[in-house]
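What follows is a set of notes on a single structure, which appears directly below.
Chain identifiers are assigned alphabetically (A, B, ...) following the order of the sequence lines, protein sequences preceding nucleic acid strands; residue numbering begins at 1 within each chain.
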Protein chains: 2
Amino acid sequence: MGLTKTEMFTDLQNEIALFAKVLGHPARVAILQHLFKIEGCICGDLVDEIGLAQPTISQHLKELKLLGLIKGNVEGTSVCYCIDKENWTNMKRVMLQFLDQDIDNKNCC
Amino acid sequence: MGLTKTEMFTDLQNEIALFAKVLGHPARVAILQHLFKIEGCICGDLVDEIGLAQPTISQHLKELKLLGLIKGNVEGTSVCYCIDKENWTNMKRVMLQFLDQDIDNKNCC
DNA sequence: TTAGTTCATTGCAATATTACAATTAAGTTC
DNA sequence: GAACTTAATTGTAATATTGCAATGAACTAA
């Protein structure tokens with residue numbers, strides 16, 4: 001069906017999955033890496049940098065913005081995108097708490 | 001098109017995206033959390049625990065297994081699934097390196 | 001005002017994902 | 001063997017995602 005049954009899961013499980021999902025495309029990973037590298041960015045740069053068409057980049061930026069990981073300020077004809085530091089840190093905290101589990105494997109395998 | 005153009009991205013970017021993608025569904029997050037909690041598991045438990053149908057759970061387990069995050073041992077009629085510690089640690093390392101970036105935001109916003 | 005620039009939006013096609021009923025496969029128990 | 005249990009596989013339907021051409025919106029420059 002392509003439709004995730006979010007109502008069966010906890011808020012935290014859904015939150016983790018949403019964050020992970022938006023990171024689950026190499027173009028969005030590349031965009032974020034680039035924004036970290038240059039600390040502030042114009043979308044035109046990204047189209048050249050990444051190699052996908054402008055509408056495609058624009059759409060990926062939209063998804064990142066929707067989750068709050070980046071924010072954009074209009075500046076003349078351009079739009080300046082950058083990492084939303086506070087939301088990034090929050091996302092990082094949620095993901096680290098999930099990822100940084102350790103296990104004994106004493107019962108199995 | 002639904003088809004990711006992986007060839008435009010680095011191996012690392014694709015690897016990060018693949019790991020993130022498999023974590024991008026709450027059922028798989030829930031499965032992993034459960035495996036961590038009980039340290040060794042039978043799939044039947046998961047169907048009851050999570051509430052999706054058996055084939056759906058089986059399919060999610062398959063994806064987790066494909067990425068190597070879990071492994072399954074046949075044990076009689078049941079299959080014992082558990083976290084693949086080594087691969088989990090590797091995934092964690094890759095993701096932490098990506099997530100744990102800091103930024104100054106001195107140029108923008 | 002006209003032309004140019006930059007980015008968002010719309011519309012569409014192709015592929016991917018999610019979910020499950022039905023079935024199969026492989027083992028156990030009697 | 002027959003009946004039962006557990007989990008994988010197959011087939012199918014519905015929705016989501018990805019990508020881009022075409023277009024639109026907003027600003028700038030001449």
Problem - Over 12 foreign heavy atoms within 6.0 Å of CD, B:Glu86 - result: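 Check fails, neighbour count at 12 or below.
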
Practice task
Look at the side chain of A:Gln59 against the base of C:dA8 and say whether a donor-acceptor pair falls under 3.5 Å; ignore hydrogens and angles.
Solution key: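 Flag unset: no donor-acceptor pair detected.
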
Problem - Toward the 5' end of DNA chain D, by each residue's nearest nucleotide, B:Leu3 or B:Ser78 - result: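 Closest to the 5' end, via its nearest nucleotide, is B:Ser78.
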
Handout entry: Whichever of A:Thr77 and A:Lys21 has its nearest DNA chain D nucleotide further upstream toward 5'
Key =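 It is A:Lys21, whose closest nucleotide lies nearer the 5' terminus.
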
Exercise for the section: Tell me whether the OP1 or OP2 atom of D:dA8 has a side-chain N or O from B:Tyr81 closer than 4.0 Å. Expected result: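 The answer is yes; a side-chain N or O of B:Tyr81 sits under 4.0 Å from OP1 or OP2.
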
Practice task
May I ask you to verify if any side-chain N or O of A:His60 is less than 4.0 angstrom from the OP1 or OP2 atom of D:dT17?
Solution key: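 No, because none of the side-chain N or O atoms of A:His60 sits under 4.0 Å from OP1 or OP2 of D:dT17.
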
Measure [atom1]/[X] against [atom2]/[N] and give the value in whole Å, please.
| X | N | atom1 | atom2 | result |
| --- | --- | --- | --- | --- |
| B:Asn73 | C:dA26 | CG | C1' | 16 Å |
| B:Glu7 | D:dG19 | CD | P | 9 Å |
| A:Leu46 | C:dT6 | CG | C1' | 13 Å |
| A:Glu75 | D:dT28 | CD | C1' | 15 Å |
| B:Leu52 | C:dA19 | CG | P | 5 Å |
| B:Ile57 | D:dT6 | CD1 | C1' | 14 Å |
| B:Gln54 | C:dT23 | CD | P | 15 Å |
| B:Leu66 | D:dA8 | CG | P | 14 Å |

Exercise for the section: If the plane angle is over 60° it's perpendicular, under 30° parallel, otherwise tilted; pick one for A:His60 and A:His25. Expected result: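 The arrangement is tilted - the two ring planes meet at 30° to 60°.
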
Practice task
By nearest nucleotide on DNA chain C, pick out whichever of A:Lys65 and A:Thr6 is the more 5' one.
Solution key: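 Of the two residues, A:Lys65 wins.
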
Problem - Step-by-step side-chain hydrogen bond (donor to acceptor under 3.5 Å, both in side chains) determination, A:Gln13 to A:Thr10 - result: CA-CA 5 Å; A:Gln13 284 162 347; A:Thr10 68; 3.3 Å; yes

From the list [options], which nucleotide is the closest neighbour of the side chain of [X]?
| X | options | answer |
| --- | --- | --- |
| A:Ser58 | C:dT9, C:dA19, C:dT5 | C:dT9 |
| A:Pro55 | C:dC20, D:dA8, D:dA21 | D:dA21 |
| A:Lys5 | C:dC20, D:dC20, D:dA8 | C:dC20 |

Problem - A:Met91 and A:Val94, any side-chain heavy atoms less than 4.5 Å apart - result: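 A side-chain contact under 4.5 Å is absent here.
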
Exercise for the section: Give the minimum heavy-atom separation between A:Leu69 and A:Val22, together with the two atoms involved. Expected result: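 Taking every non-hydrogen atom into account, CD1-CG1, 3.8 Å.
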
Exercise for the section: Determine the contact category for A:Thr56: base if any of its heavy atoms lies under 4.0 Å from a base atom, sugar-phosphate if only primed atoms, P, OP1 or OP2 are that close, otherwise nothing. Expected result: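 Result for A:Thr56 = base.
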
